[in-house]
2 protein chains.
Amino acid sequence: MADHAGKAALYDALAESAKALANGRRAELIDVLTQGERSVEDLALEIDQTVANTSQHLQRLLRAGLVRTRRDGTRIFYELSSPVVSTLWHTMRRVAEEHVDGLEQLAAAYVGDRSGLDTMTRDELRERLRDGDVVVLDVRPSAEYAAGHIRGALSVPIGDLRARLQDIDSGARVVAYCRGSYCVYADEAVRLLAEAGRDAARLEDGFPEWASARLPVARGM
Amino acid sequence: MADHAGKAALYDALAESAKALANGRRAELIDVLTQGERSVEDLALEIDQTVANTSQHLQRLLRAGLVRTRRDGTRIFYELSSPVVSTLWHTMRRVAEEHVDGLEQLAAAYVGDRSGLDTMTRDELRERLRDGDVVVLDVRPSAEYAAGHIRGALSVPIGDLRARLQDIDSGARVVAYCRGSYCVYADEAVRLLAEAGRDAARLEDGFPEWASARLPVARGM
DNA sequence: GTTCTATTCAATGGAATGCTTGAATAGAAC
DNA sequence: GTTCTATTCAAGCATTCCATTGAATAGAAC
């Protein structure tokens, strides 16, 4: 007969990865890290938590093996330890979307009304990029742009957009993108651009989807 | 600016699915349910817990939407609410295998030494089934056989195997299978058969892998 | 060496979780 | 109707988890 203690311990270990994700703040961290590596302070700002608290969550993720660290001078960068982790996060999100009820309402409440916003599919953007008749704006924080972006996109963090409006060719069709469908930066950008009389749309999804569809990306500033 | 409370609530909701899996006993339940629906008492036996405790875990899974129930006479059957859940479980397992350290040791400690056991791949078994020169034994509990099994397999729960040895054609090559690579029933069966002088091997993986490879399956006893 | 800064550590209190026990419920069988 | 049985509910206690606070550390800049 198999030993019961052994079986329990095995499943406890298997559940460790789930435990690491079983907290809203850590889920948020993993989601942000999906966009690329970030420093602790940066992440703390991103998830609206104290640095100490963020650090503790990160260390829990580290212990579970979901992230790894790299030191650069005085700061420490965290990143996902492998692509499987990002797959896990996306699968979890799909399951939650399908099965956690009330989630759609929460998402709608957070994202707000998108009915007035023009959108563009990945395929259309790819074609227009090939034809060169589009300006693509990456409105995520510049650290995320640096870690990877759609090839040909300009980095215009959402906070800088208003000030840099005049740098953007006023005749061109403009497409803004950010992290994905839950991310509201691109929405804000499109609204701001539309108010300024530009022909603006948001990419339906975000950078991770673009990258995992193996479409052209670039790194650095 | 987006409301922070809304964002936190959204991610908390997304983390709900992970919380449901963030416990060894619940992970075990999901794993068993991967094989098909089961009653509460049955599941309690399977995970070596009291019925009350098992019931509470099941209800947590139910609240998270990962399972659904069906009443049949006096008992209640639980099953996974959709195939995505089983995908989630497998992804989680892959992540744990890759990143939780000490897991391999735990698995090895539980599974024991397999070096003396002959194994057969899915492809080989499929060919032999087509040629008809193999006896296939499903050594899982009969409830799991009923919920779905390799077409052509006989149901011989591991506890009954010794008593039914003489029913098995003594000239044939015998292949035993159970739930997957962590499942030890098939190992036990192969050892028992080998001791009895039979030509026995275990299928490398288990029924779920067979089914998701879309190979021939059947239901019922 | 000293100072500065990003990160981590340690201790706290309050909330959620997990297992146990014994009682309650809701259909089935009679 | 009564009895039986599978499941759920409710209360209790020990454990773990989470955000906060303030102190400690380790490397960079000077």
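To find a chain, count down the sequence lines: A is the first, B the second, and so on, and within it residues start at 1.
- In terms of heavy atoms, A:L88 sits closest to B:T91 at CA-CG2, 3.7 Å.
- For A:A52, the side-chain atoms get nearest to C:dT8 when compared with the rest of C:dT8, D:dA19, C:dT7.
- Rounded to an integer number of Å, the gap from A:E16 CD to D:dC17 C1' is 13 Å.
- Between B:C183 and B:C178 the shortest heavy-atom distance is SG-SG, 2.7 Å.
- Whole-Å rounding puts the A:D42 CG to C:dT5 P distance at 17 Å.
- At most 12 non-hydrogen atoms from other residues, nucleotides or ligands lie less than 6.0 angstrom from CZ of B:R214.
- At whole-Å resolution of the value, CG in B:L62 and C1' in D:dT7 are 13 Å apart.
- Residue A:V40 is in sugar-phosphate contact alone, with no base atom involved, counting any heavy-atom pair closer than 4.0 Å across all strands shown.
- Counting to the nearest Å, the P atom of C:dA29 and the CG atom of B:D72 are 10 Å from each other.
- Closest contact between the side chain of B:N53 and the listed nucleotides D:dA19, C:dC19, C:dT7 involves C:dC19.
- Remark on DNA chain D: of its neighbouring residues B:R71 and A:N23, the 5'-side contact belongs to B:R71, judged by nearest-heavy-atom nucleotide.
- Between B:Y78 and D:dT8, a side-chain N or O to OP1/OP2 separation shorter than 4.0 Å is present.
- Regarding contacts with the backbone of C:dC9, a side-chain N or O of A:Q59 is found under 4.0 angstrom from either OP1 or OP2.
- Position along DNA chain D of the nearest nucleotide to A:T74 versus A:A22 favours A:A22 as the more 5'-ward residue.
- Remark: P of D:dA19 and CZ of A:R26 are 8 Å apart, rounded to the nearest angstrom.
- In terms of heavy-atom proximity, B:L193 sits nearest to B:L165 at CD2-CD2, 3.6 Å.
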Exercise. Between A:R25 and A:H57, does a side chain to side chain donor-acceptor pair (under 3.5 Å) hold up when you go through it step by step?
Worked result: CA-CA 8 Å; A:R25 251 30 63 220; A:H57 279 307; over 6 Å; no

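- With a 6.0 Å radius and a threshold of 12 heavy atoms from other residues, nucleotides or ligands, A:R162 has its CZ atom at or below the threshold.
- Closest to the A:Q56 side chain, of the nucleotides D:dA19, C:dT8, D:dC18, is D:dA19.
- Spacing between atom NE2 of B:H57 and atom P of D:dT8 amounts to 13 Å, rounded to whole angstrom units.
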For this session: For the pair A:D31 and A:W89, evaluate side chain to side chain donor-acceptor pair (under 3.5 Å) and give the outcome as yes or no after the intermediate values.
Result: CA-CA 7 Å; A:D31 195 29; A:W89 167 242; 2.9 Å; yes

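- Judged by distance alone with a 3.5 Å cut-off, no donor-acceptor contact links the side chain of B:Q49 to the base of C:dT20.
- DNA chain D contains the following stems of three or more consecutive Watson-Crick or G-U pairs, with both distances under 3.5 Å: C:1-30 with D:1-30.
- Candidate nucleotides C:dC19, C:dT8, D:dT7 were compared by shortest atom distance to the side chain of B:E41, and D:dT7 ranks first.
- Rounded to a whole Å, the NZ atom of A:K19 is 18 Å from the P atom of C:dA16.
- At whole-Å resolution of the value, CZ in A:R60 and P in C:dT7 are 21 Å apart.
- The B:R75 side chain lies nearest to D:dA6 when the options are D:dA6, D:dA19, C:dC19.
- Note on B:R122 versus B:E209: no salt bridge recorded, every NZ/NE/NH1/NH2 to OD/OE distance being 4.0 Å or above.
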